[in-house]
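Proteins come first, then strands; the chains are lettered A, B, ... in the order of their sequence lines, and each starts at number 1. Everything quoted here is computed from the prediction, not taken from an experiment.
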Amino acid sequence: MPELICRTFFPVHDYDLDATLTSGQAFRWELIDRGWESVIGVRWVRLIPGPAGIAAETVGPTKDWDWLAHYLQVQVELPRVLDTFPADEPMHAAVAACRGLRLLRQDPWECLASFILSSTKQIVQIRQMVSLLCERYGDRVATARGRPPAFSFPSPERLAACSENELRACKMGFRAPYLRVSAQKIAGGEVNLNSLSALSVAEARDELLKLPGVGCKIADCVLLFAYGFQEAFPMDVWVMKALRQLYFRRRPIKAKRLHQFAATHFGPDAGYAQQYLFHYMRIRRRLAEFTRSERGHLGRSSQE
DNA sequence: TACCAGGAGAGCG
DNA sequence: CGCTCTCATGGT
């Protein structure tokens, strides 16, 4: 029985889908034959970026695409956001290098669980842990013919029912009890993720901080990537390095002062600015590594 | 091989 | 507070 493929098109400008999906905010997108594939909620999705916008397809009868428009935040007028950034040299450079980078609006539980796993892990490894978790404890969802199997992100209830060893087997190490207990607190109603959008940022942050394995940085990631609190400014080692390098040129600055600077300097969409700085640093590193390796090859071959 | 990764929590003075 | 140590595991 042939599956029903439904398609739509979002005519968005200033939307760099590649940058957005590889900028370390979501961990389940894979590039297959020039399209990005993942699962949002219980739906498999394939996105194809083009010059006039983003083409999308999914499986099963679909007349309403609001869930995807919401996830992609296609209604956001990017220039309006960029205008709120401070008019300084570092931000100009970051914006120029990451033109079209966007923030997604993700499911709170998937976002929270993923970032609980993120601590002192590289993005490739976070992807690996999340992928194992979904394969083993998520539900199979329908995909287009010829596509690899896809799974939903396991619910809090499902992960709460896992043993610590089962979770450790997904290569998450010391993060296993954090994820397990957090899942239990959410499944048991001790923390209600659905109620946070009605709260102030500070109140919502305090709720997230009740969960084990969630400190300021991870709370801010969830506030920003899942709830759309755009003033939340997650400060990880990369953003810290960006601020020191771009704004304080190797003058010794304590982390506390850096937080104060970030809280006052970047305006109402500070979290958006943060994502530009984060991605800017990462693509600069990739370029530097590429250049170094190319020079290495040239150096060797010219020796002969 | 040594060092680092989208950190958090506990123990200490 | 603010500092240091530990916690698994894999990539570079």
query: NA contact type, A:S118, heavy-atom cut-off 4.0 Å: base, sugar-phosphate, or nothing?
result: sugar-phosphate
- request: Mind telling me whether A:Y71 and A:W29 have parallel, tilted or perpendicular rings, with 30° and 60° as the class edges?
  value: tilted
message: Taking the ring centre of each residue, are A:F10 and A:Y15 less than 6.0 Å apart?
response: no
- request: State, yes or no, whether a side-chain contact exists between A:T58 and A:I40 at a heavy-atom distance under 4.5 Å.
  value: no
- prompt: DNA chain B: A:P212 or A:W238, which has the more 5' nearest nucleotide?
  reply: A:W238
- request: Would you indicate whether the side-chain heavy atoms of A:T120 and A:F174 approach each other to under 4.5 Å?
  value: yes
query: A:R127 has an atom CZ; how far is it from atom C1' of C:dG11, in whole Å?
result: 15 Å
message: With hydrogens left out and only the distance checked, is there a donor-acceptor pair under 3.5 Å joining A:Q275's side chain and the base of B:dG6?
response: yes
query: What interatomic distance, in whole Å, is found between C1' of B:dT1 and the corresponding atom of C:dG11?
result: 13 Å
5' precedence on DNA chain C between A:S119 and A:K256 (nearest-nucleotide basis): A:K256
message: Using a 4.0 Å heavy-atom cut-off, does A:G24 contact any base of the nucleic acid, only the sugar-phosphate backbone, or nothing at all?
response: base
Distance, C1' atom - from B:dG6 to C:dC3, rounded to whole angstrom: 23 Å
task: Could you work out the separation of B:dC4 and C:dC5 based on their P atoms and round it to a whole Å?
output: 15 Å
message: How many whole angstroms separate atom CD of A:Q25 from atom C1' of B:dG6?
response: 12 Å
message: For the P atoms, the ones on C:dG10 and on B:dG9, what distance do you get once it is rounded to whole angstrom?
response: 23 Å
field: From C:dA8, B:dA8, B:dG6, nucleotide with atom closest to A:Q274 side chain
entry: B:dG6
query: In Å and rounded to the nearest 0.5 Å, what is the CG to CE distance from A:L82 to A:M91?
result: 8.0 Å
query: Among residues 154-182 of chain A, which residues get a heavy atom nearer than 4.0 Å to DNA chain C?
result: A:R168, A:K171, A:G173, A:F174, A:R175
- prompt: Reckon A:V214 touches a base, only the sugar-phosphate, or nothing at all at heavy-atom distances under 4.0 Å?
  reply: sugar-phosphate
query: Which whole-number value in Å describes the distance from A:R286 CZ to B:dG6 P?
result: 12 Å
Which nucleotide in B:dG7, C:dC3, C:dG11 has an atom nearest any side-chain atom of A:K254: C:dC3
query: In whole angstrom, what separates A:K121's NZ from C:dC7's P?
result: 15 Å
message: Judged by each residue's nearest nucleotide on DNA chain B, which is more toward the 5′ side, A:L209 or A:P234?
response: A:P234
- prompt: For A:Y247, which residues count as a ring pair (Phe, Tyr, Trp, His ring centres under 6.0 Å) partner, sequence neighbours excluded?
  reply: A:F261, A:H265, A:F266
query: How many Å lie between CD on A:Q125 and C1' on C:dG10, as a whole number?
result: 4 Å
task: Grab the CD-P distance between A:Q128 and C:dG10 for me, whole Å please.
output: 9 Å
query: To the nearest angstrom, how far is A:F27 atom CZ from B:dG6 atom P?
result: 9 Å
query: Of all the nucleotides listed (B:dG7, B:dG6, C:dT9), which has the minimum atom distance to the side chain of A:Q122?
result: B:dG6
- prompt: Can you check the A:L211 CG to B:dA8 C1' distance for me, whole Å?
  reply: 13 Å
query: So what does A:S23 touch, heavy atoms closer than 4.0 Å: a base, only the sugar-phosphate, or nothing?
result: base
- request: Side-chain contact test, heavy atoms from C-beta onward, threshold under 4.5 Å: evaluate it for A:R244 versus A:I253 and give yes or no.
  value: yes
- prompt: Is A:R28 salt-bridged to A:E110, cutoff N-O under 4.0 Å?
  reply: yes
message: Looking at B:dG6 and A:F278: do their rings stack (centroid distance under 5.5 Å, interplanar angle under 30°)?
response: yes
- request: Measure the shortest side-chain to side-chain distance between A:L208 and A:L193 over non-hydrogen atoms and say whether it is less than 4.5 angstrom.
  value: yes
message: Regarding A:F225, tell me which of base, sugar-phosphate or nothing describes its non-hydrogen contacts under 4.0 Å with the strands shown.
response: base
